[in-house]
S.K.: 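This is the structure I have questions about; it appears just below.
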Amino acid sequence: MRGIPGRLRRFLSRSNDGEPEVFGAALTFATQWQWPVLPGVAPDPQGRARCGCPDPDCTVPGAHPFDPGLLAATTDARMVRWWWTNRPSAPIVLATGGRAPCAVSLPAPAAARALATLDRKGIRLGPVVAAPHRWAILVAPYSLEQLGELLHAQDFVPGTLRFHGEGGYLALPPSTTGHGQVRWERAPLPGSAAPWVPDVEAVADATVEALTRTGVSAPEF
C-alpha cells in the first residue's frame, strides 16, 4: 500500500481486534462496505507465477475464484472469518456488479495515462486498484444494455480494455497473487461507508483514448 498515509494504511490493514492484514481488509469490504468477497485460489506452491487451479495456462494466477466459486461471494462476517482463518494469505476477490462496484481495467502504462487525462479534465475518481500489469478503475454498477450503448458509441474499442460487470471479479488490495502485490493507486478514504465511485461513462472515453494513443499491446493478464 505504497504512498498511503499511515492512518489510512492502518485502517485498511487491520480489523478492530488486530487481525492480520488481508483478513482485516476483507472484513472491512464485506461488513462495512457491503461488497461481496471470497478468497481467491492460491498460487501454485511450486511456483508463485503459476496458479493453483487445474488450468496449467491460467493467465491470472491466484487472482480468481475457484473453490469456492464466484457465487459463494458474501458480506457475512462469520463466513469471511472462517475463510481467512483457514486461508490467511488467500487473495481477496470482489464479486463485481449488483450491490458492489464494477470496474474498467487496462494495462498499467495506459492506465497511468488515462488517470492523468481524467485529472486534467477535472473528472472525479474513486478508488483505483493497481496490480503489476493492470490497473482497474472502480465504477458504479452498470447494466449490459448500458455497457452495450457505451461501446457502440466508440469508433474503436481496444482488446486490452476490460469491463468487470455483473458476474465478474477483481482482486483487491492487499492481496498477493501470482503476478505480485495488488495495491491502491488511488486509495479509498477511511470511514464506515463504502467509497464513492463514478459512473462508467465518466471514464470510458479516457480509457479508450489512452489505449488508442499508446497502441498498447501488453499481455492479456
Side-chain angles (χ1 to χ4, degrees), residues 1-4 8-15 19-43 48 51 60-66 68-77 79-81 83-84 87-106 108 111 115 125-141 162-198 203 221:
M1 284 191 265
R2 184 179 60 190
I4 300 177
L8 176 56
R9 185 167 56 249
R10 290 190 296 272
F11 168 79
L12 293 171
S13 299
R14 298 283 174 176
S15 64
E19 294 285 355
E21 182 178 18
V22 177
F23 169 71
L27 198 63
T28 293
F29 301 144
T31 62
Q32 294 188 32
W33 297 354
Q34 293 296 293
W35 292 359
V37 298
L38 74 163
V41 63
R48 178 162 288 277
C51 192
V60 285
H64 68 91
F66 173 63
L70 185 62
L71 291 179
T74 185
T75 58
D76 183 77
M79 197 71 244
V80 171
R81 182 178 293 276
W83 276 332
W84 272 275
R87 299 169 58 185
S89 61
I92 305 168
V93 173
L94 169 70
T96 54
R99 294 175 299 171
C102 294
V104 178
S105 73
L106 59 165
L115 261 60
L125 291 177
V128 177
V129 175
H133 299 292
R134 296 184 70 86
W135 294 4
I137 303 171
L138 298 190
V139 297
R162 293 181 185 168
F163 293 88
H164 307 254
E166 185 76 29
Y169 58 86
L170 182 71
L172 293 177
S175 301
T176 300
T177 72
H179 288 149
Q181 187 74 28
V182 181
R183 60 177 179 83
W184 295 111
E185 175 63 26
R186 300 283 177 92
L189 298 175
S192 58
W196 176 88
V197 291
V203 304
F221 293 133

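Counting begins at 1 with the first residue of the sequence.
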S.K.: Can you find a side-chain donor-acceptor pair between R162 and S105 that sits under 3.5 Å?
M.R.: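 Their side chains do not contain a donor-acceptor pair, so the 3.5 Å distance test is not met.
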
S.K.: Return the OG1 to CG distance between T96 and L70, rounded to the nearest 0.5 Å.
M.R.: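 Going from OG1 on T96 over to CG on L70, the span is 7.5 Å.
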
S.K.: Search all heavy atoms of A103 against all heavy atoms of A136 and return the closest pair with its distance.
M.R.: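 Smallest heavy-atom distance, with atoms named: CB-CB, 4.2 Å.
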
S.K.: When rounded to the nearest 0.5 angstrom, what distance separates CG in L125 from CG in L138?
M.R.: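 The CG atom of L125 sits 10.0 Å away from the CG atom of L138.
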
S.K.: Do V139 and F163 come within less than 4.5 Å of each other through their side chains, counting heavy atoms only?
M.R.: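 No. Closest side-chain heavy atoms not under 4.5 Å.
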
S.K.: As a quick check of understanding, evaluate side chain to side chain contact (heavy atoms under 4.5 Å, CB included) for V60 and C51, giving each step before the final call.
M.R.: CA-CA 7 Å; V60 285; C51 192; over 6 Å; no

S.K.: Under the side chain to side chain contact (heavy atoms under 4.5 Å, CB included) criterion, do L38 and M79 qualify, and how do the steps go?
M.R.: CA-CA 9 Å; L38 74 163; M79 197 71 244; over 6 Å; no

S.K.: Could you walk me through whether R183 and W135 pass the side chain to side chain contact (heavy atoms under 4.5 Å, CB included) test, one step at a time?
M.R.: CA-CA 9 Å; R183 60 177 179 83; W135 294 4; 4.0 Å; yes

S.K.: Within this structure, what is the OG1-CH2 distance for the pair T74 and W35, rounded to the nearest 0.5 Å?
M.R.: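 It is 16.0 Å, given to the nearest 0.5 Å.
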
S.K.: Considering all heavy atoms of both residues, which atom of V203 and which atom of P198 are nearest to each other, and what is their separation?
M.R.: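 So the minimum-distance heavy-atom pair works out to CG1-CG, 4.3 Å.
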
S.K.: Of all the heavy-atom pairs spanning A130 and E185, show the shortest one and how long it is.
M.R.: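 Shortest heavy-atom contact: CB-CB, 3.9 Å.
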
S.K.: Report yes if some heavy atom in the side chain of P61 is under 4.5 Å from a heavy atom in the side chain of H179; otherwise report no.
M.R.: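 Yes, close enough: below the 4.5 Å cut-off.
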
S.K.: Determine, stepwise, if the pair H64 / Y169 fulfils side chain to side chain contact (heavy atoms under 4.5 Å, CB included).
M.R.: CA-CA 7 Å; H64 68 91; Y169 58 86; 3.4 Å; yes

S.K.: Would you check if P174 and Q181 make a side-chain contact, meaning some heavy-atom pair closer than 4.5 Å?
M.R.: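 They are in contact (side-chain heavy atoms under 4.5 Å apart), so the answer is yes.
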
S.K.: Are V93 and L170 close enough that some pair of their side-chain heavy atoms sits under 4.5 Å apart?
M.R.: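 Sidechains of L170 and V93: no contact.
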
S.K.: Tell me the closest heavy-atom pair linking A90 and V22, and the distance in Å.
M.R.: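 Closest approach of A90 to V22, heavy atoms only: O-CG1, 3.4 Å.
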
S.K.: Side chains of W33 and P195, heavy atoms from C-beta outward: is any pair under 4.5 Å?
M.R.: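 Side-chain contact under 4.5 Å: yes.
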
S.K.: May I ask you to test the T31-T75 pair for a side-chain heavy-atom distance under 4.5 Å?
M.R.: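 Heavy-atom side-chain distance check fails, nothing below 4.5 Å.
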
S.K.: Where does the angle between the aromatic ring planes of F29 and W184 fall among parallel (under 30°), tilted (30 to 60°) and perpendicular (over 60°)?
M.R.: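 Aromatic pair F29/W184 classed perpendicular.
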
S.K.: How about W84 and S89: do any of their side-chain heavy atoms sit closer than 4.5 Å?
M.R.: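 Heavy-atom side-chain distance check fails, nothing below 4.5 Å.
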
S.K.: Shortest non-hydrogen contact from P101 to L94?
M.R.: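 In terms of heavy atoms, the two residues are closest at O-CD2, 4.2 Å.
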
S.K.: Please name the pair of heavy atoms, one in P68 and one in P39, separated by the smallest distance, quoted to 0.1 Å.
M.R.: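 Shortest heavy-atom contact: CD-CG, 4.2 Å.
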
S.K.: Would you call V37 and V80 a side-chain contact if the rule is heavy atoms closer than 4.5 Å?
M.R.: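 Yes, at least one pair of side-chain atoms sits under 4.5 Å.
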
S.K.: When you measure from the side chain of R87 to the backbone of G40, do you find a donor-acceptor pair of N or O atoms at a distance under 3.5 Å?
M.R.: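 Answer holds: yes.
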
S.K.: Are the side chain of S175 and the backbone N or O of A171 linked by a donor-acceptor pair below 3.5 Å?
M.R.: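 No; judged by distance alone, with no hydrogens or angles, the pair does not exist.
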
